[in-house]
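Being a predicted model, the structure only gives us computed values, none of them experimental. Each chain gets a letter, A, B and so on, in the order the sequences are listed, and its residues count up from 1.
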Amino acid sequence: MSTWFQGLNPEQQQAVAHNEGPLLILAGAGSGKTTVLVSRTGRLIAEGRTTPERVCVLTFTNKAARELKHRVAKKLGEKVAAKVWAGTFHGFGLRFLKEHHVAADLPKGFGVIDQGDAQAVLKDLLRDHSDYEKARMNLDVLMACIHHIRTKGRDDSFDNSPESAASVVLAPKYMRKLRGLGVVDFEELLLRPLQMMRESEELRQKMQRRFDFMMVDEFQDTNHTQMLFVDELSGGHRNLAVVGDDDQSIYGWRGAEIQNILGFPKRYKDCHVIRLERNYRSTSSILNLANSIIANSETRHDKVLKPSLNNKGELPELFVYENEEAEVDQVVREVMEFQKKGYRYKDIAILYRSNSQGGLMEGGLRRSQVPYKLSGGTALFDRKEAKDVMAFIRSAISPNEISFRRIINLPARGVGDKTLEAIEGLPGSASFFAKASEWAKANPNEKASEGILSLFEFLRGLKAQLSGGSPSAEAVLDHELRRIKYREYVNQSYRDAKSADSRWLCVNIIGRIMDGMFAKEGRSLATVEKFIERMELRDSLEDQDDPDANEVQMMTLHACKGLEFPLVFLLGLEEDLLPHARLGQNTDEERRLFYVGVTRAQKHLIMTRVEQRKRYGQMRPVAPSRFLLEIDTALIKELRGGRPFAPGDREAMLAGLYQKLNKQMGQKDI
DNA sequence: GGCAGAGTACTTTTT
DNA sequence: GTACTCTGCC
């Protein structure tokens, strides 16, 4: 038996051994799916069934793609691994469009805009329709309707909502607008290639011949377009292996269609189905609870997690507290107790449904000086300062209208609405950037002209210094942006110097990321271009968490997917929180969220709920989560008001408290 | 361009 | 009850 099968169970071996034809791998939580993906990739190459560049593995996150490449590299070497196409769906789409930008009718250095920019474009469009503007539509809903039209057309899911109606009119306008701006949004990154493959038989065949084997990770999270995209790419050979777990589908609200994985055997009738049910992560007590939770899910592929560790472990605990303050205090206390018992802080995760819960918890940990890391909140890319800096860099290297408009008057250089209108009004089909230059030269006496010309000069200098000079990119950005008084602008935007400083840090971080790329790939214009590309796909390259940091991990249930921790706290198991009050009828997805949280725990799971929680400024009684009522009560141990003190502990604690009080009193007296 | 007051949302956020 | 965004006015 070859090395690729070593240490694998029979089902994993089957999956790794699979050659031609469609394959569905139902990989339960902690069942070693990445190992299977890596080994199958390695085996196909090592056995000479294909060459590395003819294998394509699609993932959802940049991190997952990196991890996969890293593990393939360990087995086959860096050189071979680098040739495998492992990347995100969007990364694939971007590369496709770059290669075919002429056929795609896009400018050579077209940009990719994120959700925020896309929404701004839409909002701008809305201004031309005063009747729509008045209707006070929800932009998220409107954008979702537009996506729906772009991907599936107008179907019976359309109702009488103002958003539905408006989207019919706005969808074509929105797409035309993006074309005019010389950018694509994330959706278009996949839609346009799909359209192109469908319209050109030549292109389709070319793409279908490009790979011998395709694999898709986290298949339960694919959306409609991604399914069609994969269909199209693997249409020639049908060597398509998808890996996923329908029980961990938690992104339905973002367009993920669980039907893609549920219906895969129907879509690919001859597909081979392999279930990876052996769990290598958790104790059997935790798995029993997990199985009991998910068994209540309506639509799913039947499977159970079977324990492999010969360890029953302790029964998961459920603490019931009076209110959220008690919850915070007691969880902090538990964390410290477990730390004393030998858990490191980084072995402990605190999970919750919504970010606000994390904020609450954060206060408690800080008061007790427990080191922690809070993930989530606003990403670097969504910070205004980060977007500004990226707009400066893009405008210096290959400007598009969105990036240039963002900075044309930043910081203020006298370019107001009037000037912008004048620039727009210039005849011809030149880009906005070119027109701005034209206008500035034609109106030398205007104050705005001076501003625009100095901006051009700044951008030219920035381009030269970033792609060539010797000072680090961090130093160049810092210095140059101070020179044009962007630093002053940031200072003025915030009340205190401290928050301005922390915002300025975004500027420096971006510089550091660029320097990191220079170190790896050499300093050149091409590297700067690649840097922009990566940043636009939100690949910061710096999300590899510091493995040495000994900090309690705090994150939402969505963010914890794919991770594991010896000790997990799962907070707020209450109606209206989990399941969340604002869920539609999709209880199943909320239940899966609960399931995802539970299956993160390796050794010990502690759940909490409270009887009163503050909502909208009022203390309100809250009911236990319906999911707690569904499960067999014998699977958990319920404790009211926190863990009872062990003998002797109470005395020790009281003594400590008195000591502290005495000390404080003493200080006051002096 | 900057400020103040009104209005509104208080779920999650792989790209 | 609060924090953030938008609008309108100076």
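Proximity of the aromatic rings of A/Tyr251 and A/Phe60 is defined here by a centroid distance below 6.0 angstrom, and this criterion is not met. For A/Phe89 and A/Phe92, the ring centers are positioned 6.0 Å apart or more.
The closest side-chain donor-acceptor pair between A/Asp245 and A/Gln248 falls under 3.5 angstrom. A donor-acceptor contact closer than 3.5 angstrom is absent between the side chains of A/Tyr489 and A/Asp388.
Counting only heavy atoms from C-beta on, A/Ser354 has its side chain closest to B/dT12 among B/dT14, B/dT12, C/dG1. Distances from the side chain of A/Phe186 to the nucleotides C/dG1, B/dT13, B/dT15 place B/dT15 closest. In this structure, of C/dC6, B/dT15, B/dT14, it is C/dC6 that holds the atom nearest to the side chain of A/Lys123.
Counting distance only, with no hydrogens placed and no angle test, the side-chain atoms of A/Arg534 and the base atoms of B/dT15 include no donor-acceptor pair under 3.5 Å.
With rounding to whole Å, A/Lys614 atom NZ is found 14 Å from B/dC10 atom C1'. Between the CD atom of A/Glu575 and the P atom of B/dT11 there is a distance of 15 Å, rounded to whole Å. Spacing between atom CG of A/Leu571 and atom P of B/dT12 amounts to 15 Å, rounded to whole angstrom units. Taking atom CD on A/Gln226 and atom P on B/dT15, their separation rounds to 12 Å, with Å as the unit. Taking atom CZ of residue A/Arg620 and atom C1' of nucleotide C/dG1, one finds them 11 Å apart after rounding to whole Å. Atom CZ in A/Phe219 sits about 21 Å away from atom P in B/dT14, given to the nearest Å. In this entry the distance linking CG of A/Leu577 with C1' of B/dC10 reads 12 Å, nearest Å. Atom C1' of nucleotide B/dT14 and atom CG of A/Asn62 are separated by 9 Å, given to the nearest angstrom.
The main-chain N or O of A/Val610 is found under 3.5 Å from a side-chain atom of A/Glu574 such that the two form a donor-acceptor pair. Between the side chain of A/Asn409 and the backbone N or O of A/Val415, at least one donor-acceptor pair lies under 3.5 Å.
Note on A/Thr556: a side-chain N or O is less than 4.0 Å away from OP1 or OP2 of B/dT13. When the side-chain nitrogen and oxygen atoms of A/Asn355 are compared with OP1 and OP2 of B/dT13, one or more of them lie within a distance under 4.0 Å. Dashed line: the shortest gap from a side-chain N or O of A/His558 to OP1 or OP2 of B/dT12 is not under 4.0 Å.
The P atoms of B/dT12 and C/dT5 are separated by 15 Å, rounded to the nearest whole Å. Separating the P atom of B/dT13 from that of C/dT2 is a span of 25 Å, rounded to the nearest Å.
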*A/Trp253 vs A/His558, ring pair (Phe, Tyr, Trp, His ring centres under 6.0 Å): CA-CA, chis, key distance, verdict*: CA-CA 12 Å; A/Trp253 52 276; A/His558 283 91; 5.5 Å; yes
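Annotation: of the two residues near DNA chain B, A/Leu537 and A/Tyr616, the 5′-most nearest-nucleotide partner is A/Tyr616.
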When the side chains of residues 618-625 of chain A are checked against the rest of the protein, which donor-acceptor pairs come out under 3.5 Å, sequence neighbours left out?
unit_1	atom_1	unit_2	atom_2	d
A/Arg620	NE	A/Arg615	O	3.2
A/Ser625	OG	A/Leu578	O	2.7
A/Ser625	OG	A/Phe627	N	3.0

Using the 3.5 Å cut-off, write out each protein N or O paired with an N or O of nucleotides 1-8 of chain B and the distance between them.
unit_1	atom_1	unit_2	atom_2	d
B/dG1	OP1	A/Asn409	ND2	2.6
B/dT8	OP1	A/Arg136	NH1	2.6
B/dT8	OP1	A/Arg136	NH2	3.2

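Across all strands shown, A/Gln115 has heavy atoms under 4.0 Å from base atoms, whether or not it also approaches the sugar-phosphate. Nucleic acid contact class of A/Tyr251 (heavy atoms, under 4.0 Å, all strands): base.
Remark: ring of A/Trp253 does not overlap the six-membered base ring of B/dT11 in a stacked fashion, as centroids less than 5.5 Å apart with planes less than 30° apart are not both met.
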